[in-house]
> 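Dropping a structure here in structure tokens format, bear with me for questions.
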Amino acid sequence: MSHEPLDLSALDATLEGERFERLVAATLERAGAELERRAMPAAWRLLVGWARPTLAAAGLAALASAAVLGAGRVGDDDFAQLFTAETASLPSLLDDWLLEARMPTANEMMIAFSGEMIP
Amino acid sequence: MSETNARLVERARRGEADAFEALVRRHLRVAYATAMSVVGDAQEAEDVSQDAFVTALERLDDCDPPRFTAWLLRIVRNQAISAQRRRRVRSAMPLEAAGDVASSSDPGRDEARSRLRGQLAAALDGLGETQRQVLLLHDLEGYKHREIGEMLGMPEGTVRYTLFQARRAARERLGDDHEGGTP
């Protein structure tokens, strides 16, 4: 008896005509993106494969940079001060000499470094 | 078969849509039958079949081209089992009652058919992977032994013997009330 086919019709597994075609069309539609990806030239596919993680890494780096810059923001005024004598703990008179680009007189140097004039 | 599965798989790997469509058309019925034997619901079996083909395409590089059919049917069965588990979690409704799609105007006949479907699903579930595939391909899809051998990568004689064993095991599970012929 095992040579006779088993009746499996109760499984209702028949897919005919319109239903079959509808299912084929739906399957192909869902597979469209993957087929397009596979149809790309290998180098391009590799690039697309790399694009996503690379963009993600770049985004993270940008976020991290923004956070660092935001936390310790350096303005124009602050930047200028970096070059003043005051920030370097030097006498304030040095500011004038530096800004005016001139040599100090002997008296100015005495006042600047000892607070006294040359008699 | 005009173009072998292996050749179609190679072409589908390169994104050739006509090759993938040929694979879908060639295997859709057996994929659906495999899904149906697990989930017992027409709509769910359609969804599972679709999902399985898309998954198969995504993983096509892992497939040994000459053994595409067996590989695909394993994907179908695994996805059908997952779908069935999800559905059991969603609802406590019995599978046979949920799977009644092709209902007729005769409730008694529907009930008997639904019961028979449940028995068939259980019988198929008790078979080995290869036995189930061979049985579905032959007795449901009408493929010849030689064609099944090509699909599953088996000698024709092995297909015959496997089919014989599968029928005997399924009949033992079904009992004497479900012999070959009309239900």
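Side chains are part of it too, since the values below use all heavy atoms of this structure and drop only hydrogens, waters and symmetry mates. Chain A is the first sequence line, chain B the second, and so forth, proteins listed ahead of strands; every chain is numbered from 1.
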> Salt bridge check, Asp125(B) against Arg77(B): does any charged N sit closer than 4.0 Å to a carboxylate O?
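Judged by the 4.0 Å cut-off on N to carboxylate O distance, Arg77(B) and Asp125(B) do form a salt bridge.
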> So that I can tick it off, tell me whether Lys144(B) and Glu147(B) are bridged by a salt bridge, with the cut-off set at under 4.0 angstrom between side-chain N and carboxylate O.
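Looking at Lys144(B) together with Glu147(B), the answer is no, because their closest N to O distance does not fall below 4.0 Å.
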> When heavy-atom pairs shorter than 4.5 Å are enumerated against chain A, which of Val24(B), Val54(B), Leu57(B) gives the highest number?
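Highest number of heavy-atom pairs under 4.5 Å: Leu57(B).
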> Checking heavy atoms, do the side chain of Ala45(B), its backbone, both or neither come under 4.5 Å from chain A?
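The answer is neither part of Ala45(B).
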> Output yes when Arg19(A) and Glu46(B) qualify as a salt bridge under the 4.0 Å nitrogen-oxygen rule, no when they do not.
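Salt bridge: yes.
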> For chain A, find which of Leu124(B), Asp61(B), Thr34(B) contributes the most heavy-atom pairs closer than 4.5 angstrom.
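Between Leu124(B), Asp61(B), Thr34(B), the count favours Asp61(B).
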> With a 3.5 Å distance limit and no angle check, can you tell me whether Asp64(B) reaches the backbone of Arg67(B) through a side-chain donor-acceptor pair?
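The answer is no, because no donor-acceptor pair under 3.5 Å joins these two groups.
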> So for Glu21(A), is it side chain, backbone, both, or neither that comes closer than 4.5 Å to the heavy atoms of chain B?
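Side chain of Glu21(A) only, per the 4.5 Å heavy-atom cut-off to chain B.
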> Would you please go through residues 128-139 of chain B and name the residues with a non-hydrogen atom below 4.5 Å from one of chain A, in numerical order?
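Leu135(B), Leu136(B), Asp139(B) fall under the 4.5 Å cut-off.
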> If the threshold is 4.0 Å, N to carboxylate O, is there a salt bridge linking Arg38(A) and Glu16(B)?
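Answer for the salt bridge query: no.
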> Could you tell me whether Arg30(A) sits above the aromatic face of Phe53(B), with NZ or CZ closer than 6.0 angstrom to the six-membered ring centre and within 45 degrees of the axis?
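Verdict for Phe53(B): no cation-pi partner in Arg30(A).
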> Measure distances from Leu60(B) to the heavy atoms of chain A and classify the residue's part below 4.5 Å as side chain, backbone, both or neither.
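Both backbone and side chain.
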> Is there a ring-ring contact (aromatic ring centres under 6.0 Å, His included) between Phe68(B) and His27(B) once you walk through the steps?
CA-CA 10 Å; Phe68(B) 173 78; His27(B) 293 90; 5.1 Å; yes
> If you look at every heavy atom in Gln79(B) and Ala52(B), which pair is closest and at what distance?
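Minimum heavy-atom separation between Gln79(B) and Ala52(B): OE1-N, 3.3 Å.
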> Any carboxylate oxygen within less than 4.0 angstrom of a Lys/Arg side-chain nitrogen, looking at Glu156(B) and Arg160(B)?
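Between Arg160(B) and Glu156(B) there is a salt bridge, with a charged N closer than 4.0 Å to a carboxylate O.
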> With a 4.5 angstrom heavy-atom cut-off, which part of Ala12(B) approaches chain A: side chain, backbone, both or neither?
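Interface part for Ala12(B): backbone (N, CA, C, O).
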